[in-house]
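Read through the structure below, which is laid out as structure tokens, and then see the notes.
The residues of the chain are indexed from 1 along the displayed sequence.
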Amino acid sequence: MDNQFFKNIEKKTGVNMNDIFQLANSLQNANFKDEKTVRGIIRRVSQIANKRVPKELEDKIVESVIQDGKKLDLNTINNMMNNGK
């Protein structure tokens, strides 16, 4: 992909693409059975998206990932954040 493509995304979303790439890299080897790791990822996504995740919602996401074995990806977190309003 060319650099202009990413600049356009940054302009439209206000999200720094370097932050997204760093997050994606951290997800590759993350231990999704470790509560501390999962909470860290949730908080990082929240920070990047500039969207607050209430403690109750964070707990639900963590439980869903660790206990229920749900896959943790940006779409899952986004859906939970949008449904948790």
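With salt bridges taken as basic N to acidic carboxylate O contacts below 4.0 Å, one links Asp59 and Arg39.
Smallest separation of non-hydrogen atoms from Asn31 and Val38: O-CG2, 4.5 Å. Between Lys33 and Val65, the shortest heavy-atom distance links the atoms NZ-O, 4.4 Å.
Separating the CD atom in Glu56 from the CD1 atom in Ile61 is a distance of 11.0 Å, to the nearest 0.5 Å. With rounding to the nearest 0.5 Å, the separation of CG in Asn29 from OG1 in Thr37 is 11.5 Å. Note: Asn16 CG to Ile48 CD1 = 8.5 Å, rounded to the nearest 0.5 Å. To the nearest 0.5 Å, atom CG of residue Asn50 and atom OG1 of residue Thr13 are 11.5 Å apart. Between the CD atom in Glu63 and the CD atom in Glu35 there is a gap of 10.5 Å [rounded to 0.5 Å].
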Would you be so kind as to tabulate the donor-acceptor pairs closer than 3.5 Å made by side chains of residues 17-27, with sequence neighbours excluded?
residue, atom, partner, partner atom, Å
Asp19, OD1, Arg44, NH2, 3.4
Asn25, ND2, Phe21, O, 3.4
Ser26, OG, Leu23, O, 2.7

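In Lys11, the NZ atom is not crowded: 12 or fewer heavy atoms of neighbouring residues, nucleotides or ligands sit closer than 6.0 Å.
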